[in-house]
Colleague: 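Here it is, the structure, as structure tokens.
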Amino acid sequence: MKKWIVMLFALLPSLTMAAGVSVPLDEANNDLSDKASLQRGAKTFMNYCFGCHATQYQRYERVATDLGIPADLMKEHMIFDPNAKIGDLMTNAISTDYAATSFGAPAPDLTLVARVRGTDWLYTYLRSFYADPSRPFGVNNVVFPSVGMPHVLEELQGVPAKVYETRLVDGEEVQEYVGIRSDGTGELNEEEYDEVVRDLVNFLEYSAEPVKLERQRLGLWVMGFIVIFFVLTLLLKKEYWRDVH
């Protein structure tokens with residue numbers, strides 16, 4: 001009985017997360033084989049996210065090697081701590097207490113966020129901030145209501161707002177939410193911003209499982225071996241039982 005209770009409590013966070021998504025998610029359409037996209041995503045992460053969110057289960061050197069970034073460029077442009085070495089884990093300087101005081105809760109580590117939340121959730125979330133003066137940082141999020149995180153990519157997107165359309169339902173006009181639209185003050189247009197977010201999510205998916213492509217490649221070889229072994233086993237069985245039948 002105790003074992004089942006422990007398993008139930010272990011599943012509660014994932015069940016809560018799954019139940020909390022009531023907004024249709026857009027497809028991220030990531031490509032982990034696109035090194036250029038991963039490099040751009042790493043750059044965006046380090047410049048806009050790493051100030052609060054660490055990826056403390058990664059190492060700078062592993063990221064540089066996997067993404068094809070020369071070590072000297074990694075140290076010059078993506079390691080901001082002057083005391084950090086390229087073989088160090090990717091931790092940042094913000095303390096848990098300071099983050100909790102500033103944002104209401106410690107900023108979560110993002111190494112495994114793509115496996116916990118899913119890439120479609122991340123892609124939709126980062127494109128679902130909107131201006132909300134009632135919130136401490138002046139923004140809210142459609143996917144994650146009452147979020148305690150500022151819209152760190154606002155200078156790229158511009159000031160986003162909810163867009164509604166008026167539709168007739170049973171003879172009455174109803175305001176229906178249809179999406180987010182920027183005011184055009186950002187550095188990027190809508191398509192360019194979506195591409196930046198896609199690159200960032202691509203990098204986070206890589207961070208969650210750096211060996212994913214290798215695992216899939218080996219999986220095909222393993223499945224091929226199993227098929228060949230099955231055929232040989234079937235032929236051997238027929239040969240053994242041929243005289244019996």
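Side chains are part of it too, since the values below use all heavy atoms of this structure and drop only hydrogens, waters and symmetry mates.
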Colleague: Does Asn140 use its side chain to pair, donor to acceptor, with the backbone of Pro145 at less than 3.5 Å?
Modeller: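 Side chain of Asn140 to backbone of Pro145, a donor-acceptor pair under 3.5 Å: no, none is there.
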Colleague: Using the rule that Ile, Leu, Val, Met, Phe, Trp and Tyr join whenever any side-chain heavy atoms are under 4.5 Å apart, tell me whether Leu112 and Leu89 fall into a single cluster.
Modeller: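 Different hydrophobic clusters.
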Colleague: Which heavy atom of Asn189 sits nearest to which heavy atom of Glu192, and what is that distance?
Modeller: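 Closest pair (atom of Asn189, atom of Glu192, distance): OD1-N, 2.8 Å.
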Colleague: Quick one, Arg59 and Asp88 - any side-chain contact, counting heavy atoms below 4.5 Å?
Modeller: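 They are not in contact (no side-chain heavy atoms under 4.5 Å apart), so the answer is no.
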Colleague: Is it the case that Arg62 places NZ or CZ above or below the six-membered ring of Tyr60, under 6.0 angstrom from the centre and within 45 degrees of the axis?
Modeller: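 Not flagged: Arg62 not positioned over aromatic ring of Tyr60.
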Colleague: What pairs meet the side-chain hydrogen bond (donor to acceptor under 3.5 Å, both in side chains) rule with one or both residues in residues 207-223, with sequence neighbours excluded?
Modeller: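 Listed by first then second residue: Gln58-Ser207, Glu205-Lys212, Glu209-Arg215, Glu214-Arg217.
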Colleague: Does anything in residues 142-192 pair up under ring-ring contact (aromatic ring centres under 6.0 Å, His included), and if so which pairs, sequence neighbours excluded?
Modeller: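 As it turns out, the ring-ring contact (aromatic ring centres under 6.0 Å, His included) pairs with a partner in residues 142-192, which skip direct neighbours, are Phe129-His151.
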Colleague: Between Asn202 (side chain only) and Asp31 (backbone N and O only), is there a donor and an acceptor less than 3.5 Å apart?
Modeller: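 Yes, the answer is positive, given that a donor and an acceptor are paired below the 3.5 Å cut-off.
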Colleague: Any donor-acceptor pair under 3.5 Å linking the side chain of His53 with the backbone of Ala107?
Modeller: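 No, the answer is negative, given that no donor and acceptor are paired below the 3.5 Å cut-off.
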Colleague: To the closest 0.5 Å, what do you measure between OG1 (Thr233) and CD1 (Ile228)?
Modeller: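 Rounded to the nearest 0.5 Å, the OG1-CD1 separation comes to 11.5 Å.
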Colleague: Between the side chains of Arg167 and Glu165, is the shortest nitrogen-to-carboxylate-oxygen separation below 4.0 Å, so that they form an ion pair?
Modeller: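 Judged by the 4.0 Å cut-off on N to carboxylate O distance, Glu165 and Arg167 do form a salt bridge.
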Colleague: Taking Thr124 for the side chain and Asp26 for the main chain, is one N or O donor matched with an acceptor at less than 3.5 Å?
Modeller: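 Checking the backbone N and O of Asp26 against the side chain of Thr124, a donor-acceptor pair under 3.5 Å is found.
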Colleague: Do Val139 and Glu154 touch side chain to side chain, with heavy atoms closer than 4.5 Å?
Modeller: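 Result yes, sub-4.5 Å side-chain heavy-atom pair found.
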Colleague: Say whether Val63 and Leu213 are linked into one hydrophobic cluster, either directly or through other cluster members, by side-chain heavy-atom distances under 4.5 angstrom.
Modeller: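 Yes.
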Colleague: Going through the checks in order, is the side chain to side chain contact (heavy atoms under 4.5 Å, CB included) test met by Val196 and Leu200?
Modeller: CA-CA 6 Å; Val196 167; Leu200 176 57; 5.6 Å; no
Colleague: Which atoms form the tightest heavy-atom contact between Ser182 and Gly158, and what is the distance?
Modeller: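 In this case the closest contact between Ser182 and Gly158 is OG-CA, 3.6 Å.
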Colleague: Give a yes or no on whether the backbone of Ala36 and the side-chain of Asp34 come within a donor-acceptor separation of less than 3.5 Å.
Modeller: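 Indeed, once roles are kept as given, a pair shorter than 3.5 Å links the two residues.
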Colleague: Does atom NZ of Lys162 have more than 12 heavy-atom neighbours, drawn from other residues, nucleotides or ligands, at distances under 6.0 Å?
Modeller: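 Above 12, so yes.
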Colleague: Are the side chains of Leu67 and Tyr206 in contact, using a 4.5 Å heavy-atom criterion?
Modeller: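 Counting from C-beta outward, Tyr206 and Leu67 do come under 4.5 Å.
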Colleague: Roughly how far apart are Ile86 CD1 and Asp72 CG, rounded to 0.5 Å?
Modeller: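 Ile86 CD1 to Asp72 CG: 8.5 Å, rounded to 0.5 Å.
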Colleague: Indicate the atoms forming the closest heavy-atom contact of Thr91 with Ala54, along with that distance.
Modeller: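 Heavy atoms of Thr91 and Ala54 come nearest at CA-CB, 4.0 Å.
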Colleague: So which atom in Ala131 and which in Val159 form the shortest heavy-atom distance, rounded to 0.1 Å?
Modeller: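 Looking at all heavy atoms of both residues, the closest pair is CB-CG1, 4.0 Å.
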Colleague: With a 3.5 Å distance limit and no angle check, can you tell me whether Asp120 reaches the backbone of Ala28 through a side-chain donor-acceptor pair?
Modeller: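 Confirmed, Asp120 side chain pairs with Ala28 backbone.
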Colleague: Can you name the closest pair of heavy atoms from Gln39 and Gly68 and give their distance?
Modeller: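 Heavy-atom minimum between the residues: NE2-O, 3.7 Å.
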Colleague: Find the distance between CG (Leu25) and CZ (Arg127) and round it off to the nearest 0.5 Å.
Modeller: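 So the CG of Leu25 and the CZ of Arg127 are separated by 10.5 Å.
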Colleague: If you take all heavy atoms of Val143 and Ser128, which pair is closest and at what distance?
Modeller: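 For Val143 versus Ser128, the nearest heavy atoms are CG2-OG, 3.6 Å.
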Colleague: Is it the case that one hydrophobic cluster holds both Phe45 and Tyr48, taking links as side-chain heavy atoms less than 4.5 Å apart, direct or via other members?
Modeller: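 In one cluster: yes.
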Colleague: Report the residues that fulfil side chain to side chain donor-acceptor pair (under 3.5 Å) with Asp199, sequence neighbours left out, ordered by chain and then residue number.
Modeller: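 Once residues adjacent in sequence are excluded, the partners of Asp199 under the side chain to side chain donor-acceptor pair (under 3.5 Å) criterion are Ser37, Arg40.
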Colleague: Taking C-beta and beyond as the side chain, do Phe50 and Met90 meet within less than 4.5 Å on heavy atoms?
Modeller: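 They are in contact (side-chain heavy atoms under 4.5 Å apart), so the answer is yes.
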Colleague: Test of understanding: clusters of I, L, V, M, F, W, Y form through side-chain heavy atoms closer than 4.5 Å, transitively. Do Val178 and Tyr123 belong to the same one?
Modeller: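 Different hydrophobic clusters.
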Colleague: Is a side-chain N or O of Lys43 found less than 3.5 angstrom from the main chain of His77, in a donor-acceptor match?
Modeller: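 No.
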Colleague: Hey, what do you get for CG (Leu156) to OH (Tyr193), rounding to the nearest 0.5 Å?
Modeller: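 Leu156 CG to Tyr193 OH: 7.0 Å, rounded to 0.5 Å.
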Colleague: Hey, are the side chains of Gln157 and Leu188 touching, using non-hydrogen atoms and a 4.5 Å cut-off?
Modeller: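 No, too far: nothing below the 4.5 Å cut-off.
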Colleague: State whether the number of non-hydrogen atoms from other residues, nucleotides or ligands found under 6.0 Å of Glu172 atom CD is greater than 12.
Modeller: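 No - once you tally the heavy atoms of other residues, nucleotides and ligands closer than 6.0 Å, there are 12 at most.
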Colleague: Is Ile180 close to Val163 at the side-chain level, that is, under 4.5 Å between some pair of heavy atoms?
Modeller: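 Val163 does not reach Ile180 side chain to side chain.
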Colleague: Indicate yes or no: at least one non-hydrogen side-chain atom of Asp183 is less than 4.5 angstrom from one of Pro160.
Modeller: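 Of all side-chain heavy-atom pairs linking Pro160 with Asp183, none is under 4.5 Å.
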Colleague: Is it true that the side chains of Gln175 and Thr166 contain a donor and an acceptor less than 3.5 Å apart?
Modeller: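 On atom types as modelled, these side chains qualify, holding a pair under 3.5 Å.
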Colleague: Do the charged groups of Asp194 and Arg198 touch, with an N to O distance under 4.0 Å?
Modeller: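 No salt bridge links Asp194 with Arg198.
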Colleague: Between Trp241 and Leu236, is there shared hydrophobic-cluster membership here, with clusters defined by ILVMFWY side-chain heavy atoms closer than 4.5 Å?
Modeller: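 Yes.
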Colleague: Met78 versus Ile69: any side-chain heavy-atom pair under 4.5 Å?
Modeller: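 Met78 reaches Ile69 side chain to side chain.
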Colleague: First locate atom CZ of Arg115, then atom CG of Leu204, and finally report the distance between them rounded to the nearest 0.5 Å.
Modeller: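 Going from CZ on Arg115 over to CG on Leu204, the span is 14.0 Å.
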